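See structure below.
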Amino acid sequence: MILNPRLSPRQFLRTTAMELGVGEPRYHASDLLDQIHARLLALDEAGRAALLIVDEAHLIPGKPTFEEIRLLTNFQLDDRNLIAIVLVGQPELRERLRHSTYRALTQRIGVFFELTPLAAEDTRAYFAHRLSVAGATRALFSDGAIARLHEAAQGVPRVLNQLATQALLEGMAQGAAQVDEGIVDRVAAERDFCVPVGTRG
């Protein structure tokens, strides 16, 4: 997994090699590709699948690094790929890849998937899941607070997480047993996520 893809082509390949377990990545790109290929073959022979996830892929600095990603997709056997690559990014990633410059790469992309904002009922389920995983034994947010969070974040999970964290901290500072609508409204207003009252239904 590559969390910060603001890398030159060679840095990207070295990071990929290290993430795949190559002991001493070489310096030159062609040597790095040879090492990565050998490692992928070894993983395949061991019955292990290789998956490269590039987070924040919209931050990749230029076409040369995307070209190295394309070259990685060349590593395959007659009946299967040796590596699967997932590019995760903001909407500008898709806009960028629509340019004809990236046609050779986009022709190799098997699936495009865009996360749309959560619906209100999905937001409630999302909160229930996150709180359950965190070990919560009681409702930390009122139903009204969750509705306000959904409206303020417009269903975008990343913004929901930010606002919910701030609301929990604000509730803790106030000594509240539960985050209510008022706490969410204050946090949303401070972070400029305030939703006009008329839109709250």
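Keep in mind that the numbers below use all heavy atoms, side chains included, and drop hydrogens, waters and symmetry copies. Since the model is a prediction, treat every value here as computed from it, not as a measurement.
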Q | Passing option when Ile146 is tested against Thr123, Val179, Val184 for side chain to side chain contact (heavy atoms under 4.5 Å, CB included) | A | Thr123

**Q.** Spatial distance of atom CD1 (Ile183) from atom OG (Ser142) [nearest 0.5 Å]
**A.** 8.5 Å

Q: Describe, in one word, how the ring planes of Phe75 and His37 are oriented to each other, choosing from parallel (under 30°), tilted (30 to 60°) and perpendicular (over 60°).
A: parallel

**Q.** Pair Ser30, His28: side-chain N/O donor-acceptor within cut-off below 3.5 Å
**A.** no

Q) Any donor-acceptor pair under 3.5 Å linking the side chain of Arg6 with the backbone of Ile60? A) no

**Q.** Close side-chain approach of Phe112 and Arg94, heavy atoms under 4.5 Å
**A.** yes

**Q.** Nearest-0.5 Å distance, CD1 of residue Ile109 to CZ of residue Arg70
**A.** 12.0 Å

(Q) How close do Arg96 and Lys63 get, counting heavy atoms only, and between which atoms? (A) NH2-N, 4.5 Å

(Q) Quick one, Tyr27 and Leu32 - any side-chain contact, counting heavy atoms below 4.5 Å? (A) no

Q) Do Leu59 and Leu7 share a hydrophobic cluster, counting only Ile, Leu, Val, Met, Phe, Trp and Tyr and linking them when any side-chain heavy atoms are less than 4.5 Å apart? A) no

Q: Find out if a path of hydrophobic residues (ILVMFWY) with successive side-chain heavy-atom gaps under 4.5 Å connects Phe12 to Tyr102.
A: yes

Q. How far does CG of Leu163 sit from CD of Glu151, to the nearest 0.5 angstrom?
A. 12.0 Å

Q | Within 6.0 angstrom of Arg108 CZ, more than 12 heavy atoms from elsewhere | A | yes

Q | Glu56 versus Leu3, closest heavy-atom pair with distance | A | CG-O, 4.1 Å

Q) Is there a side-chain contact between Val86 and Leu52 (heavy atoms, below 4.5 Å)? A) no

Q) Is there side-chain contact between Ile83 and Leu51, with at least one heavy-atom pair below 4.5 Å? A) no

Q: Measure across Asp55 and Met1 and return the closest heavy-atom pair with its distance rounded to 0.1 Å.
A: CB-CE, 4.4 Å

Q) Where do Pro61 and Pro5 come nearest, in terms of heavy atoms and distance? A) CD-O, 3.5 Å

**Q.** Any side-chain heavy-atom pair of Gln35 and Pro25 under 4.5 Å
**A.** yes

Q: Kindly indicate, with the supporting measurements, whether the criterion side-chain contact (heavy atoms from CB on, under 4.5 Å) is fulfilled by Phe127 and Leu149.
A: CA-CA 10 Å; Phe127 269 76; Leu149 285 164; 3.5 Å; yes

Q. Which pair of heavy atoms, one from Leu13 and one from Ile36, lies closest together, and at what distance?
A. O-CD1, 3.7 Å

Q.
Does any part of the side chain of Pro117, heavy atoms only, come nearer than 4.5 Å to the side chain of Gln154, both counted from C-beta?
A. no

(Q) Is it the case that the side chains of Glu170 and Gln174 hold a donor-acceptor pair, with the cut-off being a distance below 3.5 Å and no angle test? (A) yes

Q.
Which residue in the set Leu87, Asn4, Leu93 passes side chain to side chain contact (heavy atoms under 4.5 Å, CB included) when paired with Val54?
A. Leu87

Q) Between Glu45 and Arg39, is a salt bridge (Lys or Arg N to Asp or Glu O under 4.0 Å) present by the stated rule, with each step listed? A) CA-CA 10 Å; Glu45 288 173 12; Arg39 178 62 179 154; over 6 Å; no

Q) Near Glu95 CD, under 6.0 Å, is it more than 12 heavy atoms from other residues, nucleotides or ligands? A) yes

Q.
To the closest 0.5 Å, what do you measure between OG1 (Thr16) and CD1 (Ile85)?
A. 8.0 Å

**Q.** Chi angles and distances behind the side-chain contact (heavy atoms from CB on, under 4.5 Å) call for Leu140, Leu168
**A.** CA-CA 8 Å; Leu140 297 180; Leu168 282 170; 4.3 Å; yes

Q.
Tell me whether Asp79 at atom CG has more than 12 heavy atoms from other residues, nucleotides or ligands lying less than 6.0 Å away.
A. yes

Q. If you draw a 6.0 Å radius around CG in Asp143, do more than 12 non-hydrogen atoms from other residues or ligands fall strictly inside?
A. no

Q) Does a side-chain heavy-atom distance below 4.5 Å link Leu71 with Phe66? A) no

Q | OH on Tyr126 to CD on Glu121, rounded to 0.5 Å | A | 16.0 Å

Q. Side chains of Arg80 and Leu77: closer than 4.5 Å at any heavy-atom pair?
A. yes

Q.
Once rounded to the nearest 0.5 Å, what's the spacing between atom OG1 of Thr15 and atom CD1 of Ile2?
A. 5.5 Å

Q.
For His150 versus Leu118, what's the shortest heavy-atom pair and its separation?
A. CE1-O, 2.8 Å

(Q) Please say yes or no: joined through hydrophobic side-chain contacts below 4.5 Å, possibly via intermediate residues, are Met18 and Ile53 part of one cluster? (A) no

Q: Output, in order, the C-alpha distance, side-chain angles, deciding distance and verdict of side-chain contact (heavy atoms from CB on, under 4.5 Å) for Arg158 and Gln90.
A: CA-CA 11 Å; Arg158 184 176 296 200; Gln90 298 295 319; 3.6 Å; yes

(Q) Within the 3.5 Å criterion, strictly below it, is a donor on Thr65 or Glu68 matched to an acceptor on the partner's side chain? (A) no

